[in-house]
Structures are given as C-alpha cells and as structure tokens.
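Data first, discussion second: the structure below is written as structure tokens.
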Amino acid sequence: MNRKQEIYNKLLELVKEENVKVDEMLRDHLYTKLGGKADFFITPTSYEEVQNVVKLSNEDHIPFTLLGNGSNLIIKDGGIRGIVINLKHLDSITSEGHKVVAQSGARIIDASRYALEEKLSGLEFACGIPGTVGGALYMNAGAYGGEIKDVLDYAYVVDKHGNLVKRMASELDLDYRTSNIPDNGDIVVEATFNLKPASYNKIKEVMDDLTYKRESKQPLEYPSCGSVFKRPPGYFAGKLIQDSNLQGTNIGGAEVSKKHAGFIINKNNATTSDYISLIEHVQKTVKEKFGVTLEREVRIIGEDKE
Ligand SMILES: Cc1cc2nc3c(=O)[nH]c(=O)nc-3n(C[C@H](O)[C@H](O)[C@H](O)COP(=O)(O)OP(=O)(O)OC[C@H]3O[C@@H](n4cnc5c(N)ncnc54)[C@H](O)[C@@H]3O)c2cc1C
C-alpha cells in the first residue's frame, strides 16, 4: 500500500468518508479563486474528530493546514501537501445571556447578524468581513474602528497535542491583525463574544451604514483577498499605493484595483504567480517612492508548481 492510501485509510477511521476528499482543488474554496490541490481535504463534524486528526498528524508526521473561508489567503499553484482541515460543518451560533457563542466554522458575518437578531451590540464592525469566526480570531479581524479583541471573551482551541483547551482572550495576544494562534499551533473551534444589549434599530443602522461604505469603496464584484497590506504606522497603505500611481497596474490577470488601491483583484484568470509578482511590485515601488515597507496582511502558503 502506498503512503497516500495508508493516510487515507487512517483518516477514514477518524472522519466520515463523505468528509474526506483526495486531491481537492483549493481554488474552489478561496476568495481569490487561485491555488492548487490539497492532498487531503477534510471537514470534521465534531471537536473530537479535530482532536483525533491532530493526534494522527503528530504520530504519523503528516502536516496539516487550517482553511477557513479562504478570504485572507493566497495558495500557490502547487497546492498543499498533507491535510487541509476545514471546519465548515462546525458552524452553530447560539447565545447565553449577553454572550454569543459561535463555532469557528460559522461566518463572522452570520455571528454579527445573529447578534442583531438577539439585540446585542458589539459585532456590528464584522457585518461585512467575509471570513469564518476561526479566521477572524487568527488575525484579530477588524473594520471601521472595531476588532475581535474588543468583544472576545474566550475561545476553545484544539492545541498542538490534540487537547481541547479554553483560552481567555487575554491569553491570545490579540493585536493589530495578529494573534499568537499560529505560533501556538492552535486550532480555534469555538468563540464566545461579550456583547451589550441595545435596540435592534440602532444596531441595524450601524450595520447598514458600514455595508454602504464597504460596497461603495471596495471592488466586491471581483475575486480578491481584501486589503493585501497592513496599515504601516503613520500611513495608509491604500493612499501610498494610490500616490505611487499603481492603481490599474496589472501583471497577467492580477490588477491593483482602481476602486480601492489596497485591493489586488483577480481580474482575468490570474495565476498565483501573477498575484505574488504584483504584490512584490507594489511593495518595491512604494518603498522606492516613500521609503515605507508594506507588510502583507494576506498570507501566502503552499508549494510552487513543479
Ligand atoms: C472583500 C474582502 C473584504 C475584507 N474585509 C476585511 C476587513 O474589513 N477586516 C479584516 O480584518 N479582514 C478583511 N478581509 C480579510 C478576511 O476576510 C479576514 O482576514 C478573515 O478573518 C479571514 O478569515 P477566513 O476564514 O477567510 O480565513 P482564511 O483566509 O481561510 O485563513 C486565514 C488564516 O487563518 C487561519 N485559520 C482559519 N481558520 C482557523 C481556525 N479555526 N483556527 C486556527 N487558524 C485558522 C488559516 O490557517 C490562515 O492562516 C476581507 C477579505 C475580503 C476578500
């Protein structure tokens, strides 16, 4: 039996057959519509399954990668070796008093809408962020003055040994578009948000206003991964890119958006290398013109195509 078949058989002992895919095309799961195949793509249905997969990965030295909604990731054309774990089946959202409890595969947009229905305020900022709850914690997602750090009470994670562990928000080192989740090798499986009671109409008004701002300023009609760069201290990435006359610049099918300079869109069947080359071109040009280093917010993972 070859190694791939052996891993497949072991995965089938842990996760239902319909939730284990082989050679899954990852571009179908990514906002950029770019990226190669995953050797194994699994969608567990319980925390225990996630724990068992982590233990298998440790025992058999099989690397694994978490994939949320693919809205902050660029995956290279050679794809990802090992196991890609996607928690889309763990997507329940409930409430306990003034807290909203969301499993990490739920979309943060849905948690925000759920909070509205429960007349709970605090997650309005997230009403247009297209990631999962897990992805939002991973990078302390934020928008229009709000961020996960402001509302997270605690999370449950599967740690690198496969244990289910509770981590208070203060233990996650949440900061501007960063956390210690990747350094610890944690998989977020659930998050509890501390919210405040407010009137439905007041919450809805804020969400409508933010949605209007987003739709009028962002090129949502094209595949993209949102803002490519973090805000450099003292500057705005979009303004630096705009002032470098880079809007409309393209490499292959990737283009610096004319509508929002911080976005790079997949305008015309871009490859991952078009995308990455354009990101590097933007970084180089801004550095030359303004002496400012643009740090990527978006993560680039996977292997180059052979
Ligand atoms: C049009 C558009 C607009 C956007 N606007 C905003 C915005 O206003 N504010 C903002 O902050 N972001 C924004 N983003 C970026 C993106 O939506 C956020 O970064 C989001 O939090 C990513 O979540 P995801 O589930 O898509 O993560 P993915 O892109 O799938 O993954 C991102 C990282 O998180 C890790 N990860 C995912 N799930 C888990 C988990 N359960 N446990 C551990 N690690 C995990 C992955 O391994 C990966 O390293 C935007 C993106 C787009 C396309």
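We're numbering straight along the sequence, starting at 1. Whatever order the structure lists ligands and atoms in, that order sets their numbers, starting from 1. Keep in mind that what you see is a predicted model, and the values were worked out from it rather than measured.
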Next item on the list: Using the test ring pair (Phe, Tyr, Trp, His ring centres under 6.0 Å), find all partners of H260 that sit at least two apart in sequence or belong to another chain.
Entry: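 For H260, the residues satisfying ring pair (Phe, Tyr, Trp, His ring centres under 6.0 Å) (neighbours in sequence not counted) are F263.
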Margin query: Which residues pass the ring pair (Phe, Tyr, Trp, His ring centres under 6.0 Å) test with F41, not counting sequence neighbours?
Written below: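 Here the qualifying residues are H29.
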Which protein N or O atoms sit under 3.5 Å from any N or O of ligand 1? Give each pair with its distance.
from, atom 1, to, atom 2, distance (Å)
ligand 1, 5 (N), R214, NH1, 3.1
ligand 1, 8 (O), R214, NH1, 3.4
ligand 1, 8 (O), R214, NH2, 2.9
ligand 1, 9 (N), G142, O, 2.6
ligand 1, 11 (O), G142, N, 3.0
ligand 1, 11 (O), G142, O, 3.3
ligand 1, 17 (O), S71, OG, 2.7
ligand 1, 21 (O), G135, O, 3.3
ligand 1, 21 (O), A136, N, 3.3
ligand 1, 25 (O), N69, N, 2.8
ligand 1, 25 (O), T132, N, 2.8
ligand 1, 25 (O), T132, OG1, 2.6
ligand 1, 26 (O), N69, N, 3.3
ligand 1, 26 (O), G70, N, 3.2
ligand 1, 26 (O), S71, N, 2.8
ligand 1, 26 (O), S71, OG, 2.6
ligand 1, 29 (O), S71, N, 3.1
ligand 1, 29 (O), N72, N, 2.8
ligand 1, 30 (O), G68, N, 2.7
ligand 1, 30 (O), N69, N, 3.4
ligand 1, 30 (O), G70, N, 2.8
ligand 1, 41 (N), V188, O, 3.0
ligand 1, 42 (N), V188, N, 2.9
ligand 1, 47 (O), L66, O, 2.7
ligand 1, 49 (O), Y138, OH, 3.2
ligand 1, 49 (O), R299, NH1, 2.3

Notebook entry, point to check: Is there a donor-acceptor contact under 3.5 Å linking the side chains of N140 and E147?
Noted result: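 Yes - a donor-acceptor pair under 3.5 Å links their side chains.
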Checklist line | Residue pair Y138 / R299, side-chain donor-acceptor N/O under 3.5 Å | finding: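 Per modelled atom types, Y138 and R299 side chains form a pair under 3.5 Å.
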Checklist line | Beyond-backbone contact of F125 with I148, side-chain heavy atoms, under 4.5 angstrom | finding: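 Counting from C-beta outward, F125 and I148 do come under 4.5 Å.
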Notebook entry, point to check: Apart from M25 itself, which Ile, Leu, Val, Met, Phe, Trp or Tyr residues share its cluster (side-chain heavy atoms under 4.5 Å, direct or through members)?
Noted result: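 Cluster partners of M25: none, it stands alone.
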